[in-house]
Chemist: 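Encoded as structure tokens, here's the structure I'll be asking about.
Both counts, for ligands and for their atoms, begin at 1 and track the order of listing. Fair warning: this is a prediction, and the values are worked out from it, not measured in the lab. Index from 1, following the sequence. No hydrogens, no waters, no symmetry mates; every other heavy atom, side chains included, goes into these values.
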Amino acid sequence: MVNKNITSIDDLSVKDINLISNQAIKFKNSKKIQVAKNSKNIFNLFLEPSTRTTVSFELAAKKLGYNSININFEKSSLSKGETFTDTMNTLISMKPDALIIRDKTNFSPQNISKHLNIPVINAGDGTNEHPTQALLDFCVIKSIYKNKKISIGLCGDIKHSRVAHSNIKLFTKLGYKLHLIAPSYFIDKNEVNKINPNIIYHKNLKKINDLDVLMMLRVQKERIPKNGKNMMNSFKKDYCLLSEHLSSKPYLMHPGPVNRNIEISDNVLDNYPKSLILNQVEMGVYLRMACLKYLLK
Ligand code: CP
């Protein structure tokens, strides 16, 4: 039997997305979660920094009664010069039941999954995708709007954002109306049009008043060119979200971590009543439980 993976939103059908999201919302609303009869060993290999994704995968595995084994770059023999292939062979010899991987190289989880017969979850690969973030974002929206096809806007560094790429794929697959708000240096329209030629583009924040949900995206400082300081300053000046932009009161999301006063002002981040940013963090645990259940049942 071919094992299932979540290395991209492309791995999932609409039916899979609905199955996983319904399970995540059910987990969130459950008073007691039944632990699995047979424990599993889940290896979390994080080769880029993370707070939300790494902790939520660990907690998700533990809530299901599984063992969660965390490996990060600094504490692994990769930092002593062991090659990636040798590290992978070493880990696989210990027979994990699933591998969760975050890596700076695009398509690394997809490439690894081709050589393994266990499920692989992409916890973020370079600028490519972060499918479990998009799934949890969808769960938060679904918890409020059920199956209503609302208007969603993504604003910021779309070009370098793996979260944006997975969200564009997911919401396109589900038939939502998408708006992208970004300066030209933070968007590659040819790339986006390949996923969805019907996306509506905006160059400023004026149109956000037509949106039900506005998702601000982190400026990926570590992925923009060394001379990108001008981009940061220019973005901050024209796109940093202030309370005056939010007169129509859309729900506000951000995958985190936020660059305060670059994407969102302190005032909005600390006081906006329709912020869902911490709801996203909370849903991350239940969504990752649902992903593990989907892959390991
Ligand atoms: N959203 C997200 O991936 O956050 P972390 O980098 O903290 O995991």
Chemist: Show me which atoms of ligand 1 lie under 4.0 Å from any heavy atom of T53.
Modeler: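 It comes down to these atoms of ligand 1: 2 (C), 3 (O), 4 (O), 5 (P), 8 (O).
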
Chemist: Considering heavy atoms of the protein only, find what lies nearest to atom 4 (O) of ligand 1 and give residue, atom and distance to 0.1 Å.
Modeler: R52 CD, 3.4 Å

Chemist: Less than 4.0 Å is my threshold; does some heavy atom of R102 fall inside it relative to ligand 1?
Modeler: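 Distance cut 4.0 Å: R102 passes for ligand 1.
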
Chemist: Could you check whether the rings of H160 and F186 sit parallel, tilted or perpendicular, using 30° and 60° as the cut-offs?
Modeler: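 Answer is perpendicular, since the angle exceeds 60°.
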
Chemist: Return yes if some donor-acceptor pair links the side-chain N/O of R102 with the main-chain N/O of P49 below 3.5 Å, else return no.
Modeler: yes

Chemist: Between T54 and N44, is any side-chain donor less than 3.5 angstrom from a side-chain acceptor?
Modeler: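 Judged by distance alone, the side chains do not pair up.
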
Chemist: So is there a nitrogen or oxygen of P255 less than 3.5 Å from a nitrogen or oxygen in ligand 1?
Modeler: yes

Chemist: When you check the gap from the basic side-chain N to the acidic O, do D11 and K4 get nearer than 4.0 Å?
Modeler: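 So D11 does not pair with K4 through a salt bridge.
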
Chemist: Relative to the heavy atoms of T51, which atoms of ligand 1 are at a distance of less than 4.0 Å?
Modeler: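 The atoms of ligand 1 under 4.0 Å from a heavy atom of T51 are 5 (P), 7 (O), 8 (O).
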
Chemist: Charged N to carboxylate O under 4.0 angstrom, R260 versus D266?
Modeler: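 D266 and R260: salt-bridged.
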
Chemist: Please determine whether any non-hydrogen atom of G256 lies less than 4.0 Å from an atom of ligand 1.
Modeler: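 Yes; G256 lies near enough to ligand 1 that a heavy-atom distance drops under 4.0 Å.
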
